[in-house]
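Take a look at the following structure, please.
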Amino acid sequence: MKMGFYFYIVCCFLIFFSKASTTIDTISRSESLTDGKTLVSNGGSFALGFFSPDTSNSNNRYLGIWYHNDPNQTVVWVANRINPINGSTGVLKIESSGKIVLQVQNTTAVWSTNSTVSVEDPVLQLLDSGNLVLRDGNDINPENHLWQSFDYPSDTMLPGMKIGVDLRTSFDRRLSAWKNWDDPSPGDLTYGVELEGSPEMVLMKGLEKYYLTGLWIGSGFSGVRDVRSNPIFDYDFVWNETEIYFTFSLKSKSLMSRVVLNQTESVRKRYTWNPESQTWELFSMRPSDYCDRYGLCGPNGNCDYNKLPVCQCLTGFRPKWPKRWNTSEYSGGCIHIKPLNCQTGDEFITIRRVKSPAITNPWVHKTMNLKECKAECSRNCSCMAYSNLDVTGGDGSGCAMWFGDLVDIKQFQSDSDGMDLYIRVSASETELKKKAKVKLAIILAPVIAALLGLLLVVCYIRGTRRKLEEGKPSDAAYEFLAETGDVPELLRSIHISLLCVQQHPEERPSMSSVVLMLGSHNELPSPKQPGFLFYNKPFEAYPSPDNNESSSRNEISLSTFEAR
Ligand SMILES: *[C@@H]1O[C@H](CO)[C@@H](O)[C@H](O)[C@H]1NC(C)=O
Ligand SMILES: *[C@@H]1O[C@H](CO)[C@@H](O)[C@H](O)[C@H]1NC(C)=O
Ligand SMILES: *[C@@H]1O[C@H](CO)[C@@H](O)[C@H](O)[C@H]1NC(C)=O
Ligand SMILES: *[C@@H]1O[C@H](CO)[C@@H](O)[C@H](O)[C@H]1NC(C)=O
Ligand SMILES: *[C@@H]1O[C@H](CO)[C@@H](O)[C@H](O)[C@H]1NC(C)=O
Ligand SMILES: *[C@@H]1O[C@H](CO)[C@@H](O)[C@H](O)[C@H]1NC(C)=O
Ligand SMILES: *[C@@H]1O[C@H](CO)[C@@H](O)[C@H](O)[C@H]1NC(C)=O
Ligand SMILES: *[C@@H]1O[C@H](CO)[C@@H](O)[C@H](O)[C@H]1NC(C)=O
C-alpha cells in the first residue's frame, strides 16, 4: 500500500520533469536552436525544428513548424523555403538587432526576418496556435508581437490566420503552394485577395485567375455552397477601410483543421483531423467541379452542372458562335438576343441562385438598398447587372454593379446557395417570360383543384374535373422545366396555384396579385384548406443546402404530386 503510494509520487515527479524538460517553447537571445532539437508549443499542438521533406535525400534541411501529435509530421510552415541547408548544420538564433536568423554555423544567413525593432529581452516563442512569434520578454502583454510567422504563411492556413491585405500598408498575406512534395519553395499557385478586385478570395495560377469564391455576401461567398452548419469550424471575411481578409476558427479546442494548397493538383484543400483513425480527412476541395473553373463558359455564359451541356447562355443571350458552341467550344461566350436600347428603356431580369460574376475594379456601395442600386444601374447604360452586396437579413443591403461582360457565373440549385443577380436585357425580352409563367399558373390551378377534389372526395369543384383531362398539367410543367430548368420557379407556380384554389373565395388572391407574386420572389403565404394538405409534402422538397440529390428529390416530389 505504502510502496504503491511512493511509487505513484515518484512517477508523478518523473512525468512532471520529463514534461518540463521536453516542452520548451521559447528561446531567448543567449540561446539557439540547432538541428535535432525542437521547440514544442505549450499545449503540445505544434513543434518547431529542422526537417527534410524527402527522407531518402536528407541532405536538404529546412526549419519548419509541424503538428506535434501527427505521426507524419505534417508541415504547416517553412522558414527557408528557397534556401535549404545542406546537412545538419543549421542554427536558429536571435541577433542583438532583434532579427531572427537562420544560418549554417559561422556562415551567412540562409533566412532572416526584417524586423528592426531592438528590444532588451527578445523572446522567440512557438504558440499553441502554430504561430511563431518574437516578442519583448519585458512586455506584460503577450499579444504584442514584434514579428509573427502567421504574417508570412507558406502553403497552409491555420485557425486564427488572416489571409488577405492590410490596406494601410498594402501588406499582402497569401498562401503559396510548395513547388512539389519534396520542394517547399513557392510554386505559382497562390491564394489570397486581389487588391484591384472585389471582396472575395482568389486562387491564382501565376498571373491567371484560376478559381474565385464569388463576392462575400454576408453569410458566405456567393460561389461556395453554404457550409456554415458544419460542426468543425466558423469562418469570416473582414472587409473595411483598413483590412480585407479571410479567417477561420475552430468550434472546439479539441478539433484540428487546416487549409492547404497543392501545386500538382492545382487545388485548395481543407482537411480535418480524425482523432479515431489518427488521419487527416478531406473536408472540401476548390475548385470542386467543372463549373468552378474561372470563366469556363465565356462572357455571359452560365455554368450549370445539372444541365447538358454545362455551359448555357444567360436568359436573354444566345451563343456568339453557335457552331463552336455546339462543339463545346465556349470561349466566345454569349451575346444579347435582342440588342439593348438604353434610351427607350431596358429591363432587368432576375437570375436566381448564382455565383456572382467576376469584377475587376468593382463598383460597390455598402449602404445602398436594392431599389437605389437598380436606379443607379439603370441610369448608366454600360451597367450590365447589379445585386445586393449582403443578402443576410430580410431585404439585403448594399449594391454591386457590373460593367461589360458577365464572366464566371455558376448556377446553384439550392435556395441557400448563391445570390440573386439582376441583368439588363432588352425590354421586349421580358414580356415573354412573364406571359409563360401566368399561363402555367392558369393551367395548373384548376388541375390542382381537381386533384384536391379527388383526394378529399369532396367534389366541390366538380367543373374542374373535366379540365383535368384537357389541361394535361404534366405537359405544361415539363414544358416549362425543359425550357427553363427552373424547378423552384415551377414549385412556386404550383404554390401560387394552391393559393388560388383555397376553399373560401376571400382567401384566394386576385388575378393582379397573382401576377405580382409571379414576378417577385417574396415569401408566399401558406395555403389553407384544402391546399395545405398538399403543401407539406411536395414543398418540403425545395432544394436544400449541401444536398447533391436536390434536383432528383424535386423530380420525385413532382411525380408524387401527380400520382395523387
Ligand atoms: C552537401 O554536403 C555534402 C557533404 O558535405 C557534399 O558532398 C555535397 O556536395 C553538398 N551538396 C550541395 C548541394 O552543396
Ligand atoms: C564557429 O566559430 C566559433 C568562434 O568563432 C568557433 O569556436 C567554432 O569552432 C566555429 N564552429 C565551426 C563549426 O566552424
Ligand atoms: C525581408 O525583406 C525582403 C525585401 O523586402 C523580402 O524579400 C524578404 O522576403 C523579407 N523577409 C522576410 C522573412 O519577411
Ligand atoms: C499534392 O497532391 C499529390 C497527389 O495527391 C501528392 O502526392 C502530393 O504529396 C501533394 N503535394 C503536397 C505538397 O502536399
Ligand atoms: C476592420 O476590421 C477589423 C477586424 O474586425 C477591426 O479590428 C478594425 O478596427 C476595422 N477597421 C475599421 C476602420 O473599421
Ligand atoms: C501518413 O502517411 C501514410 C503514407 O502516405 C498514410 O497512409 C497515412 O494515412 C498518413 N497518416 C496520417 C496521420 O496522415
Ligand atoms: C446547335 O445545336 C442545336 C441543338 O442540337 C441546333 O438546334 C442548332 O441548329 C445547332 N447550331 C449550329 C450552328 O450548328
Ligand atoms: C458609368 O459607370 C462607369 C463605371 O463606373 C463610368 O466610368 C461611366 O462614366 C459611367 N457613365 C455614366 C454615363 O455615368
Side-chain angles (χ1 to χ4, degrees), residues 141 143-145 148 150-151 159-173 193 195-201 215-216 218-219 234-249 297-298 301 304 307-313 317-335 337 340-346 348 356-368 372-387 389-390 392 397-407 422-424 479 482-485:
N141 184 356
E143 300 289 307
N144 286 343
H145 304 149
Q148 58 172 346
F150 271 19
D151 282 340
M161 245 183 205
K162 298 172 172 182
I163 298 298
V165 178
D166 186 324
L167 297 170
R168 292 160 296 189
T169 58
S170 297
F171 186 70
D172 188 8
R173 300 181 197 88
V193 167
L195 257 182
E196 77 287 0
S198 48
E200 65 185 310
M201 299 303 291
L215 285 185
W216 177 259
S219 56
D234 289 313
Y235 55 97
D236 199 8
F237 189 82
V238 169
W239 171 47
N240 60 29
E241 290 72 33
T242 52
E243 294 181 275
I244 168 166
Y245 64 83
F246 176 61
T247 188
F248 76 95
S249 60
C297 294
D304 188 342
K307 287 205 174 139
L308 271 176
V310 291
C311 282
Q312 304 278 322
C313 285
F317 290 77
R318 63 168 175 80
K320 185 172 181 190
W321 299 318
K323 265 204 189 115
R324 291 193 208 172
W325 191 266
N326 277 9
T327 60
S328 309
E329 218 295 276
Y330 303 121
S331 59
C334 307
I335 53 172
I337 297 170
L340 296 177
N341 193 335
C342 193
Q343 268 67 41
T344 59
D346 292 327
F348 288 91
S356 64
I359 323 184
T360 347
N361 298 317
W363 195 100
V364 288
H365 193 286
K366 276 191 178 173
T367 55
M368 228 179 223
E372 293 162 339
C373 190
K374 179 179 183 175
E376 190 69 30
C377 186
S378 302
R379 259 199 295 280
N380 188 323
C381 293
S382 47
C383 177
M384 288 300 138
Y386 68 92
S387 80
L389 205 47
D390 188 332
T392 56
S397 60
C399 175
M401 295 199 303
W402 283 263
F403 298 89
D405 287 328
L406 306 171
V407 181
Y422 306 89
I423 61 173
R424 185 189 285 270
E479 226 169 76
E483 205 149 288
T484 67

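Order of appearance sets the numbers: ligands from 1, and atoms from 1 within every ligand.
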- prompt: Would you say the side chains of Ser198 and Glu200 form a donor-acceptor pair under 3.5 Å?
  reply: yes
task: Could you tell me whether Asn326 and ligand 7 have an N or O pair separated by under 3.5 Å?
output: yes
message: As an exercise, identify every atom of ligand 5 less than 4.0 angstrom from a heavy atom of Val238.
response: 2 (O), 4 (C)
field: Per-atom contacts, ligand 5 versus Tyr245 - under 4.0 Å to a heavy atom
entry: 4 (C)
message: For a quick test of reading the model, state the closest non-hydrogen atom pair linking Phe317 to Cys334 and the distance between them.
response: CB-CB, 3.8 Å
message: Protein heavy atoms near atom 5 (O) of ligand 7, is at least one of them under 4.0 angstrom away?
response: no
- prompt: Are the side chains of Phe237 and Met201 in touch, meaning some heavy atoms are under 4.5 Å apart?
  reply: yes
statement: Judged by heavy atoms only, the candidate from Glu241, Glu243, Arg168, Lys162 nearest atom 13 (C) of ligand 5 is Glu241
- prompt: What atoms in ligand 7 come closer than 4.0 Å to a heavy atom of Pro322?
  reply: 13 (C)
- prompt: Judging by distance only, is a nitrogen or oxygen of Asn380 under 3.5 angstrom from one on ligand 8?
  reply: yes
query: Does atom 11 (N) of ligand 8 have any protein heavy atom closer than 4.0 Å?
result: yes
statement: If you scan protein heavy atoms around atom 8 (C) of ligand 5, the nearest is Asn240 ND2, 3.8 Å
- prompt: What are the two closest heavy atoms between Tyr235 and Ser219, and how far apart are they?
  reply: OH-O, 4.0 Å
message: Only heavy atoms of Thr242, strictly under 4.0 Å: list the atoms of ligand 5 that pass.
response: 1 (C), 10 (C), 11 (N), 12 (C), 13 (C)
message: If the cut-off is 4.0 Å to any non-hydrogen atom of Lys323, which atoms of ligand 7 fall inside it?
response: 13 (C)
field: Pairwise side-chain contact, Met368 with Leu389, heavy-atom cut-off 4.5 Å (strictly under)
entry: no
- request: May I ask you to test the Lys366-Trp239 pair for a side-chain heavy-atom distance under 4.5 Å?
  value: yes
message: With a 4.5 Å cut-off on side-chain heavy atoms, are Glu376 and Tyr386 touching?
response: no
message: Has Glu329 got a side-chain atom pairing as donor or acceptor with Asn326's backbone, closer than 3.5 angstrom?
response: no
- prompt: Heavy atoms of the protein only: does one fall short of 4.0 Å from atom 2 (O) of ligand 8?
  reply: yes
